[in-house]
Amino acid sequence: MGVNLTPAMRQFLEVKEKYRDCIIFFRMGDFYEMFFEDAVTASKVLEITLTSRNKGKEDSVPLCGVPFHSAAPYISRLVEKGFKVAICEQVEDPREAKGIVKREVVKVVTPGLLTEPENLSAKENHFLAAVALHDGTHGLAFLDLSTGEFRVTEAADRDLFLQEVSSLDFREVLLSEELKNSGFVRALSARIDFSIMNFLPPGYFANGAEPGPALLDQIDASGSPAAFAAARAVYLYARETQMTELGHLNRVEWLRGGDFMAVDEKAKRNLELFETMRDGKREGSLFKIIDDTITAMGGRRLRWWLNYPLLDEAKINERLAAVSELKRKHILRADLRGLLKRVYDVERLGARVSMGIANARDLVALRDSLLALPAVKESIRELESPLGRKILSSIDELPETARLISEAIADDPLPTLREGGIIREGYDGELDRLISLSRDGKKYIAALEEKERRETGIQPLKVGYNSVFGYYIEVTKLNSSLVPPHYVRKQTLVNAERYITQELKEYEDAVLGAETKRKEREYDLFVKVRAQAAAEIRRIQKTASAIADLDSVQSLAEVAEMNNYCCPVVDDSDVIEIRDGRHPVIEKMKMAEGFVPNDLLLDREANRFLIITGPNMAGKSTYIRQVALIVVMAQMGSFVPASQARVGTVDRVFTRVGAADNLARGQSTFMVEMSEMADILKNATGKSLILLDEVGRGTSTFDGLSIAWAVAEHVHDKEKLGARTMFATHYHQLTDLALTREGIKNYSIAVREWGGKIIFLRKIVEGGTSRSYGIQVARLAGVPQEIIDRASGILRNLESGELDGMGMPKIAALNKKDAGREGQLNLFISDEEFVIRELRGLDLMRTAPLDALNLIGEWKEKLEKGKKS
Ligand code: ADP
Ligand code: MG
């Protein structure tokens, strides 16, 4: 290799040298070609054929390619798989090139920075992040290039910081190369996928001598150096890969820990805020329930609200008041919902306009959205709540921009920019002249066909066009003797000859020249119009943001009404009090019994630590989660599923739920459980809400019980923590805690035994359960009677404390005689008793004769079986 390279290959290698971490899409005519390792990789990922240049020869080069006009899906697929793609275009007209055509990389597409709608989900943000360390402080900056949202934050505490980073779904994270083998990166990769980390030279993060971009002036570089460094890396990386104007990146928003309730990634997962735990589906998540937004902007904003519930009671109540008002004014809301359907994604359209990648259809969509705004404003004019007023005054109809687009852009424009068909006739005199020239020319050519037929007397004479020699006159061979001498023969076909004439060529020049000029003119005009619209980016963004708020508020109002939610009272007390609370997701599931609402009282005094016992499947997990969900919903400004609720704000929700899913990361269940416990104990404050679900399950009974006990003591202790806590457990022994400690309350979920079966009443009642009812549940699930009997006996032994020296139950040592019927009788009523109870409960007036007969049959069978054993 090397000496024998063609000039194009040499040019390729120069580009590759500069963009080593990218797959190069090297434009050659109508194709993007990939070479060498790029070709090998891409052909595999894209499932396209790998061939080679100079096949079979010593200097053969692996090669694959995709047509340039359908490259987008291929680029998307590569980027989705985590690759970066550098688009290398021909930057001069091949016809004018001396020697090899000049080529340049015009854009780098990376997983974190996407702008094309087909690569984005409408209702979700797509974030690129950078992380920087400075003197023990951690800085985070993240950007959604498609919307322009640019946020920064800083944290001194590493754990809290890592939680923050893992709780938003970043697609690419920039880090300094210097951190590559650091403990920090190891800790980070335990939480986020290493493959999305992108290590850049330290220069991106360093504050160089040259003046930074104006945007970064909004961050105090000396006061917050870590945040500044991260923001700088994000900005430089965006500028460098996009190679275009980034006028829509004009505002840095600080995320201050103290402003928001912290819901870390684990809590989000456990509470199923955005997707279900079991299979990661959106269906079945809280967001799915509360999202009835109409616009894409609203969908993203509402998602943000749920990601970052508020802490400040005044702000929360401001949102609640707006939701309340819109809920009350339902006619207004219905109108508004109709009108919002006409508003497209103004935020992303604005960003595209600003980056100079919007096409004419984007401008039309922007215009149509702007034209819908006066009616939207009119519909909400009477809103009185402060947030409603604020939204109203922030919506800017941008009438000049709408007018400009209406005047300039054609009604149904082509999606391409250089083929004409995008500018409206009448907008520009010069363009109109070119259009009529080319149109008249075409008319003339049609007339010319008529004229030539007449003059030559050749009836089948036709004027046609091809790209090789333009317009021609075609005459069948039968008629060639009639062709006049001034016809110049150009081409001979099987049955016909093709000619040109002087006159034809003159008009052709006019027509085709005008056509080409027209396309250029349209493009130039379009770019100007787009730039004029881009100059209004801040107004467009402000409007988009107001619409996003409005749509989110109306969604919460709509959902509150549909689901019969109530407006919570939010204050900064320590009390959480819920009347008839429901689980917003589970209540929607079709259940024969219907969802049973439950009350709650949690404070930092006598009711600060609730132990909830009850058999498996009774509804413990559902209950404690519904409380957390109600708190989260209230603090995001939503109504809640209850008849009444008071929420004293919570700074942070901790969850320790289930033990199923972390095995993939190579830690044992118990280890995971304990590290999560440690995390809670370290980071919780007195204002936190802690959910513990079956802590201690991953180890032997007595280890688990002891740890659970000690944790409970610590958490409940006001001197140590005293955070509001709910502890669902099958260790009914824990209920003894309430006897020894104040502030701990026992609750259980009521269950009724009925004929050896248990009936879940789903009602939370004060007091503990003494048994776990596991055996009844096993019977319910169809475990054979013989095993149930044996288990009952074992249980009896365990409960009387037969343990070995290690604290393990002596199950193996039990002898069969001890088990069996006798044990079961303690737990269950006898079959005779069962039959008598059923008989007593039978309503004869409502029993059909055949059913009665069947019942008697069942009883008889039961009694006979009982006798046998
Ligand atoms: P536990 O944690 O006690 O084992 P879960 O909370 O997982 O029980 O509840 C088991 C099932 O019981 C739920 O999936 C749901 O179908 C049902 N359930 C729970 N709470 C209620 C309720 N309040 N009303 C109706 N059904 C409920
Ligand atoms: Mg449970």
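Everything numeric here is computed off the predicted structure, so don't read it as measured data. Every number for a ligand or one of its atoms is a count from 1 in the order of the listing.
For K620, a nitrogen or oxygen atom sits less than 3.5 Å from a nitrogen or oxygen atom of ligand 1, counting backbone and side chain alike. At under 3.5 Å, not a single nitrogen or oxygen of F595, backbone or side chain, sits near a nitrogen or oxygen of ligand 1. Considering backbone and side-chain N/O of T622, one or more are found under 3.5 Å from N/O of ligand 1. Taking only nitrogen or oxygen atoms, main chain and side chain alike, A618 reaches within less than 3.5 Å of ligand 1.
Under the 3.5 Å distance criterion, with hydrogens and angles disregarded, no donor-acceptor pair is assigned to the side chains of T735 and N746. There is no side-chain donor-acceptor pair under 3.5 Å between D264 and S167. At a cut-off of 3.5 Å, with distance as the only test, no side-chain donor of Q163 or D159 sits close to an acceptor on the other residue.
The protein non-hydrogen atom at the shortest distance from atom 23 (N) of ligand 1 is V596 O, 2.8 Å. The protein heavy atom nearest to atom 16 (O) of ligand 1 is M591 SD, 3.9 Å. Looking at atom 26 (N) of ligand 1, its nearest protein heavy atom turns out to be R762 NE, 3.3 Å.
Classified by interplanar angle (parallel below 30°, tilted 30° to 60°, perpendicular above 60°), the ring pair H716/F609 is perpendicular.
Of all atoms in ligand 1, listed by their number and element, those nearer than 4.0 Å to a heavy atom of G619 are 1 (P), 3 (O), 5 (P), 6 (O), 8 (O), 9 (O), 19 (C), 20 (N).
When S621, P615, A728, P597 are checked for heavy-atom proximity to atom 7 (O) of ligand 1, S621 turns out nearest. Of the options M617, M589, E587, the smallest heavy-atom separation from atom 11 (C) of ligand 1 is shown by M617.
Protein heavy atoms are absent from the 4.0 Å sphere centred on atom 14 (O) of ligand 1.
Salt-bridge check for R646 with D571: passed, with a basic side-chain N closer than 4.0 Å to an acidic carboxylate O. Using a 4.0 Å cut-off between charged nitrogen and carboxylate oxygen, R337 and D292 count as a salt-bridge pair.
You'll find the side chain of N598 reaches within 4.5 Å of the side chain of Q626, heavy atoms only. Inter-residue side-chain proximity for L556 and R319 is flagged as unmet; no heavy-atom pair is nearer than 4.5 Å.
Put simply, T622 stays out of reach of the Mg ion (ligand 2), with no N, O or S atom under 2.8 Å from it.
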